[in-house]
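Inspection log for the structure reproduced underneath, given as structure tokens.
Excluded from the calculations below are hydrogen atoms, water molecules and symmetry mates; all remaining heavy atoms, backbone and side chain alike, are included. As the structure is a computational prediction, the values presented were derived from the model and not from experiment.
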Amino acid sequence: MDLDQLNETACAMVAPGKGLLAADESTGTIGKRFASIDLENTADNRRDWREMLFRTEPAMSQYVSGVILYDETIRQKAKDGTPLTKLIEAAGAIPGIKVDTGAKALAGSDGEMITEGLDGLRDRLADYYGLGARFAKWRAVINIGRNGDESMPSQYCINTNMHALARYAALCQEANIVPIVEPEVIMDGDHSIERCYEVTEFALKTLYRELFDQGVILEGTILKPNMVISGTKNDDRASIEEVADMTVQCLANCVPAAVPGIAFLSGGQSDEEATAHLNAINDGYDLPWPVSFSYGRALQHAPLMAWGGQPANVAKAQAAFNHRAKMNSLAALGEYDAAMEKELAGA
């Protein structure tokens, strides 16, 4: 393990005004997104979509620090034969890789999930390092019970998922790959923001105990958490200010200052909602870590709709991606204002 290399990579991932593009959708997930624009889910179409994003300037060089890739994508080449990882590197960004194999039903606990993928991970990490990956991602899925059911998540679910996250993180560091640890408390449901706080705090405190117990060096990690937010089906949604305040309070109570940075997931928030929340967190508080973004849908939805799978729309789609990347870059600096959404990229 080269701790200096790990820390250097982790710090670069949360450089001021930069964040991560999550382009690690599975073949099935990206198929659902393509279906929204009536585009066939083929390897060539997946390549064309991601190649277009990775060639977008100034987004890739100014606002994106790294890209989380899927197994297929890290091996793909652009139309001109250039490996997609080289397009990312040429823009000054860092290639990364999703290494879990998905969340499956947790045995003996209805409605709860466990993320799989530890078997053979050491060898896969060595392969991914050779392909250019310098960081990785593993997502744990934590559901909150509905209708006031506080039995979910169970301690069993939290413990098994956080233990797996720490095992993954230790293997990553052994391979000189920075682990992104992602304990996602799902925002689907009718829960209050207070209940989200309780569950997020429980998950994070368990995670950092497991990371300590398994010898993971925090200076060589990145945390990718959910924001503390009301459930999507809650009629009394918390305000932007409440989300920022409770999220910061939760993180301050749980996350050691040794962590090089935090990159939030968007978790199903709308594009502008995710940006506004990130900005409020950076604008209103003196934080011990850089706080940025690791967004998938919240960066990709607008350009996907603009593209529509049509080569003639590439410039329009890249303008949309530039805009969303710029807005989130400003939010990572606490300099975003909703009025900026009317601006066009490059204007």
Side-chain angles (χ1 to χ4, degrees), residues 1-15 18-27 29-30 50 54 64-76 83-86 88-89 93-103 114-141 161-184 207-208 210-211 214-226 259-265 292-296:
M1 180 196 309
D2 185 338
L3 180 57
D4 288 340
Q5 177 187 325
L6 290 170
N7 181 251
E8 181 180 348
T9 300
C11 291
M13 291 164 66
V14 288
K18 290 191 173 186
L20 302 172
L21 167 63
D24 59 329
E25 302 90 352
S26 67
T27 302
T29 297
I30 202 167
R50 286 162 170 158
F54 304 160
V64 173
S65 59
V67 182
I68 311 172
L69 301 170
Y70 187 58
D71 181 80
E72 175 188 63
T73 318
I74 200 171
R75 305 175 192 279
Q76 278 183 319
L84 293 183
T85 53
K86 296 302 180 184
I88 295 167
E89 292 172 351
I94 307 167
I97 181 70
K98 171 188 174 179
V99 298
D100 69 70
T101 56
I114 179 67
T115 301
E116 298 182 347
L118 288 170
D119 289 351
L121 181 56
R122 176 179 275 119
D123 292 338
R124 287 192 289 125
L125 288 168
D127 182 32
Y128 288 138
Y129 190 92
L131 290 168
R134 293 298 177 265
F135 68 91
K137 190 201 83 166
W138 179 290
R139 173 179 176 252
V141 176
N161 273 288
M162 299 311 120
H163 181 79
L165 267 172
R167 289 184 63 193
Y168 138 83
L171 285 165
C172 282
Q173 291 193 335
E174 177 187 85
N176 285 320
I177 289 176
V178 172
I180 296 177
V181 286
E182 181 179 356
E184 180 178 0
L207 170 64
Y208 282 102
E210 285 286 353
L211 291 171
Q214 297 189 42
V216 175
I217 307 301
L218 296 186
E219 290 85 351
T221 66
I222 292 291
L223 174 66
K224 181 173 178 176
N226 55 282
V259 174
I262 294 171
F264 283 109
L265 56 91
S292 189
F293 57 91
S294 179
Y295 291 168

State which residues pass side-chain contact (heavy atoms from CB on, under 4.5 Å) with Ile94; sequence neighbours excluded, sorted by chain then number.
Thr9, Ala12, Met13, Arg134, Phe135
Side chains of Lys98 and Glu182: does their closest heavy-atom pair fall under 4.5 Å?
no
Test your reading of the model: is there a side-chain donor-acceptor pair from Ser65 to the backbone of Gly19, 3.5 Å cut-off?
yes
Indicate yes or no for a side-chain donor-acceptor contact from Thr115 to the backbone of Arg139 under 3.5 Å, with no hydrogens or angles considered.
yes
Donor-acceptor pair, distance only, cut-off 3.5 Å: does the side chain of Gln173 make one with the backbone of Ile217?
yes
Contact between Ser294 and Phe264 at the side-chain level, heavy atoms closer than 4.5 Å - yes or no?
no
Hey, are the side chains of Ile68 and Ile180 touching, using non-hydrogen atoms and a 4.5 Å cut-off?
yes
What's the separation between atom OG1 in Thr73 and atom CZ in Arg75, rounded to the nearest 0.5 Å?
10.5 Å
What I'd like to find out is whether the side chain of Pro225 reaches to under 4.5 Å of the side chain of Ile262, using heavy atoms alone.
yes
About how many Å separate NZ of Lys137 and CG of Leu69, when rounded to the nearest 0.5 Å?
11.5 Å
If I take atom OG from residue Ser292 and atom NZ from residue Lys224, how far apart are they, to the nearest 0.5 angstrom?
11.0 Å
Ring pair (Phe, Tyr, Trp, His ring centres under 6.0 Å) involving Tyr168 - partner list, sequence neighbours excluded
Trp138
